[in-house]
Amino acid sequence: QVQLVESGGGLVQTGGSLRLSCAASGRTGSSSAMGWFRQAPGKEREFVAAVRSGSSTLYADFARGRFTISRENAKNTVYLQMNSLNPEDTALYYCAASTKPYSTGSFMYTTPYEYWGQGTQVTVSS
């Protein structure tokens with residue numbers, strides 16, 4: 001079992017930045033990938049970014065160049081640095097963990113992820 005707790009969300013103005021954190025506990029050594037997803041009201045959950053155990057990363061098109069995912073293994077924590085935020089980034093952001101050996105591209109989808117956090121709200125005002 002892996003437990004995930006997100007933090008770092010909040011209210012920010014357009015153009016601002018936030019850094020989300022996801023602290024993992026439990027069987028963290030079995031994690032093959034960690035990802036961030038988001039869900040806005042009335043919309044489906046969508047992929048934001050993922051980082052594999054070997055530190056290779058994957059980004060959604062809207063996140064590439066603005067967001068950076070990283071992991072600090074010593075702290076069992078994954079971060080999502082978000083810059084140049086705009087109102088379209090307003091959503092509940094979820095951290096997810098997978099222990100399964102999927103191909104890198106598969107981690108853009110929710111299927112490989114067995115564990116999910118409760119989410120942290122990000123609101124960007126115009």
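Atoms considered below: every heavy atom in the structure, side chains included; atoms not considered: hydrogens, waters and symmetry mates. For reference, positions follow the sequence shown, starting with 1.
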Shortest non-hydrogen contact from [X] toward [Y]:
X: Leu18; Y: Leu85; result: N-CD1, 3.9 Å
X: Ile69; Y: Val78; result: CG1-CG1, 3.9 Å
X: Pro112; Y: Ser98; result: O-OG, 2.8 Å
X: Leu92; Y: Gly119; result: CD1-C, 3.8 Å
X: Glu6; Y: Cys95; result: OE2-N, 2.8 Å
X: Ala24; Y: Val2; result: CB-CG1, 4.3 Å

**OP:** Could you name each residue pair satisfying ring pair (Phe, Tyr, Trp, His ring centres under 6.0 Å) that touches residues 20-53, not counting sequence neighbours?
**Re:** Phe37-Phe47, Phe37-Tyr113, Phe37-Trp116
Original post:
Taking only residues at least two apart or on different chains, which pairs with a member in residues 61-88 satisfy ring pair (Phe, Tyr, Trp, His ring centres under 6.0 Å)?
Top reply: none
Subject >> Stepwise side-chain contact (heavy atoms from CB on, under 4.5 Å) check, Asn83 with Ser17 >> reply: CA-CA 4 Å; Asn83 299 326; Ser17 299; 2.9 Å; yes
Subject >> Side chain proximity check, Asp89 to Met82, heavy atoms < 4.5 angstrom >> reply: no
**OP:** With the side chain counted from C-beta on, respond yes when Tyr94 and Leu4 share a heavy-atom pair under 4.5 Å apart, and no when they do not.
**Re:** no
Original post:
Do other residues, nucleotides or ligands put more than 12 heavy atoms under 6.0 Å from Glu72 CD?
Top reply: yes
Original post:
Around Glu114, counting heavy atoms of other residues, nucleotides and ligands shown, do more than 12 lie under 6.0 Å from its CD?
Top reply: yes
Subject >> From CG (Leu80) to CZ (Arg38), nearest 0.5 Å >> reply: 10.0 Å
**OP:** Kindly compute the distance separating OH (Tyr93) from CG (Leu20), expressed to the nearest 0.5 Å.
**Re:** 7.5 Å
Original post:
Counting N and O atoms only, with roles assigned by atom type, does the side chain of Thr77 sit under 3.5 Å from a partner on the main chain of Lys75, one being a donor and the other an acceptor?
Top reply: yes
Subject >> Donor-acceptor under 3.5 Å (Ser32 side chain, Lys100 main chain) >> reply: yes
Original post:
Does anything in residues 53-62 pair up under side chain to side chain donor-acceptor pair (under 3.5 Å), and if so which pairs, sequence neighbours excluded?
Top reply: Asp61-Arg64
Original post:
Can you list the residues that meet the side-chain contact (heavy atoms from CB on, under 4.5 Å) rule with Ser126, with sequence neighbours excluded?
Top reply: Thr14, Pro87
Subject >> Under the side-chain contact (heavy atoms from CB on, under 4.5 Å) test, residues paired with Asn73 that sit two or more places apart >> reply: Arg71
Original post:
Using links of under 4.5 Å between side-chain heavy atoms of ILVMFWY residues, direct or through other members, which residues join Val5 in one cluster?
Top reply: none
Subject >> Step-by-step side-chain contact (heavy atoms from CB on, under 4.5 Å) determination, Ser125 to Leu11 >> reply: CA-CA 7 Å; Ser125 63; Leu11 175 64; 4.3 Å; yes
Original post:
For Thr90 and Gln121, what are the C-alpha separation, side-chain angles and deciding distance, and is it a side-chain contact (heavy atoms from CB on, under 4.5 Å)?
Top reply: CA-CA 8 Å; Thr90 294; Gln121 179 67 39; 4.0 Å; yes
